[in-house]
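Structure first, then comments.
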Amino acid sequence: MSSVLTIGREEAPLDLNINGTDALYAADRVDDQTAEGRVYKHCTFANVSFKDATLRRCRFVNCAFIDCYFRQTTIANCAFEGCKFIDCNFLRPNFLDNTFILPEFRGCYIPFDYFGDCLPLDSNLRYELAAELAREASAAGVLGDARRYRLLGEKAFERHQWNLLWASGGTYYEKDRPPLDRAKAGTTWVGRKFNRLLWGYGERGVILARSFFGVAVLFALIFGVAFPDQLTHDGGLTTAEYLLFSFDNMLAGTGFSQIEAQSSGARWAVGVEVFVGLIFIGLFVSLVFNWIRRR
């Protein structure tokens with residue numbers, strides 16, 4: 001696949017003082033050199049070393065970077081439009097105020113610590129680039145970076161749906177759309193928001209545990225207020241016993257609390273809580289499964 005990107009492009013030496021169009025730059029080194037204000041269109045950079053180089057205010061349009069070496073490379077105020085990065089090596093790069101429009105990464109990614117703050121501000125471009133980098137980081141076995149990129153991408157996608165709903169946030173969104181499309185975006189936004197609050201887009205076990213305990217406390221309060229005399233026990237229930245009964249229900253009604261509902265209303269409430277608890281158990285299993293699968 002990479003070899004196709006060299007077809008029809010004339011091989012030339014890479015001179016950072018000259019613009020390039022339809023050129024192939026292969027097996028070259030521009031270490032410690034600086035390119036400023038250069039424009040490269042439809043060019044392929046194959047096995048090129050940019051070690052300690054500086055690219056400033058450059059524009060790359062539909063370019064391909066194949067097996068290139070970006071070690072401590074400074075890339076500032078550059079624009080990459082429809083570019084491909086294939087099997088490249090990004091070692092402690094320095095990215096400053098760049099623009100990435102629909103890039104493609106294959107067999108490589110930029111470490112989160114050096115690029116997480118440099119993702120596009122436009123939410124539609126931000127979530128697509130974050131998804132690209134998360135996929136490649138996961139394939140490389142760097143699961144921490146993959147997770148951080150996924151979380152950024154999910155938040156950006158949530159904002160993307162919000163902008164579609166209200167037709168705000170930039171020229172991409174400020175256009176007429178069918179009411180049904182905007183309603184769909186609103187529904188998606190509500191779902192993603194709930195997903196984030198419930199279990200952090202399936203990425204954060206701490207949030208899932210927090211939600212579990214919060215729902216258990218809420219049901220304990222419901223039982224204490226609505227059904228104070230409809231639960232069997234020797235004498236009235238204490239706050240701790242209401243909580244114990246609620247956690248018992250959330251764990252599929254194992255019976256360890258030794259408290260039972262007497263009235264039909266209380267039994268209905270128990271049934272609802274047991275059902276909610278089963279959902280939480282399923283989410284927990286799914287979270288653990290995804291964690292194992294990604295390893």
Side-chain angles (χ1 to χ4, degrees), residues 59-61 65 75-85 88 90 93-140 142-178 180-208 210-211 283 286-287 290-291 293-294:
R59 184 185 177 205
F60 299 87
V61 180
F65 297 85
I75 303 175
N77 304 111
C78 294
F80 296 86
E81 304 171 22
C83 293
K84 296 177 175 62
F85 297 88
C88 293
F90 295 93
N94 184 23
F95 288 90
L96 300 170
D97 298 323
N98 299 285
T99 300
F100 286 82
I101 300 177
L102 301 177
E104 181 179 346
F105 288 81
R106 283 189 249 155
C108 62
Y109 81 103
I110 305 173
F112 186 90
D113 287 339
Y114 299 98
F115 196 66
D117 295 332
C118 304
L119 292 174
L121 295 179
D122 291 342
S123 55
N124 59 318
L125 299 177
R126 188 179 181 87
Y127 84 81
E128 289 180 351
L129 178 52
E132 282 271 325
L133 294 169
R135 184 194 65 239
E136 293 303 322
S138 180
V142 188
L143 304 182
D145 278 6
R147 179 175 178 271
R148 294 164 77 184
Y149 274 125
R150 278 195 301 271
L151 287 172
L152 272 185
E154 291 287 1
K155 290 181 180 178
F157 183 73
E158 185 179 308
R159 186 65 189 178
H160 170 66
Q161 297 300 321
W162 176 266
N163 291 342
L164 287 175
L165 172 62
W166 297 107
S168 63
T171 55
Y172 174 81
Y173 299 103
E174 295 170 359
K175 59 180 70 173
D176 292 333
R177 286 186 169 83
L180 185 61
D181 288 350
R182 295 180 63 179
K184 182 180 178 181
T187 302
T188 302
W189 179 83
V190 171
R192 300 309 297 171
K193 194 77 170 180
F194 179 75
N195 187 315
R196 175 159 65 93
L197 294 175
L198 179 63
W199 66 331
Y201 306 114
E203 297 284 348
R204 306 187 66 182
V206 172
I207 293 181
L208 180 60
R210 184 190 66 186
S211 300
L283 292 176
S286 177
L287 190 149
N290 287 334
W291 180 82
R293 178 175 57 84
R294 287 167 182 159

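Quick caveat: nothing in here was measured; it's all calculated off a predicted structure.
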Under a 3.5 Å distance rule, please check whether [X] uses its side chain to pair with a backbone N or O of [Y] as donor and acceptor.
| X | Y | value |
| --- | --- | --- |
| S138 | A134 | no |
| R177 | A167 | no |
| D145 | P111 | no |
| R182 | L165 | yes |
| R126 | L121 | no |
| S211 | L197 | yes |

Side-chain contact, heavy-atom cut-off 4.5 Å: [X] with [Y]?
| X | Y | value |
| --- | --- | --- |
| F65 | F80 | yes |
| N94 | Y114 | no |
| K155 | Y201 | yes |
| L133 | L119 | yes |

Pairwise distance [atom1]([X]) to [atom2]([Y]) - rounded to 0.5 angstrom:
| X | Y | atom1 | atom2 | value |
| --- | --- | --- | --- | --- |
| E104 | E132 | CD | CD | 6.0 Å |
| E158 | T188 | CD | OG1 | 11.0 Å |
| Q161 | T187 | CD | OG1 | 9.5 Å |
| C83 | R59 | SG | CZ | 10.0 Å |

Can you name the nearest heavy-atom pair linking [X] to [Y], along with the distance?
| X | Y | answer |
| --- | --- | --- |
| A185 | L164 | CB-CB, 3.7 Å |
| H160 | S123 | CA-OG, 3.4 Å |
| Y149 | Y109 | CE1-CD1, 4.2 Å |

Test item: side-chain donor near acceptor, D122 and Y172, under 3.5 Å
no
Can you classify the ring geometry of F105 versus F85 as parallel (below 30°), tilted (30 to 60°) or perpendicular (above 60°)?
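Taking F85 first and then F105, their aromatic rings lie parallel (interplane angle under 30°).
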Please set out all donor-acceptor pairs under 3.5 angstrom arising from side-chain atoms of residues 95-103, sequence neighbours excluded.
| residue | atom | partner | partner atom | Å |
| --- | --- | --- | --- | --- |
| N98 | OD1 | N77 | N | 3.2 |
| N98 | OD1 | C78 | N | 2.8 |
| N98 | ND2 | I75 | O | 2.8 |
| N98 | ND2 | L96 | O | 3.3 |

Given R210, which of L208, V206, I207 fulfils the side-chain contact (heavy atoms from CB on, under 4.5 Å) condition?
I207
Any residue meeting salt bridge (Lys or Arg N to Asp or Glu O under 4.0 Å) with E136, in chain and number order, not counting sequence neighbours
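For E136 there are no salt bridge (Lys or Arg N to Asp or Glu O under 4.0 Å) partners, ignoring immediate neighbours.
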Identified side-chain hydrogen bond (donor to acceptor under 3.5 Å, both in side chains) counterpart of E154 within the set R159, R196, R192
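Among the candidates, only R192 passes.
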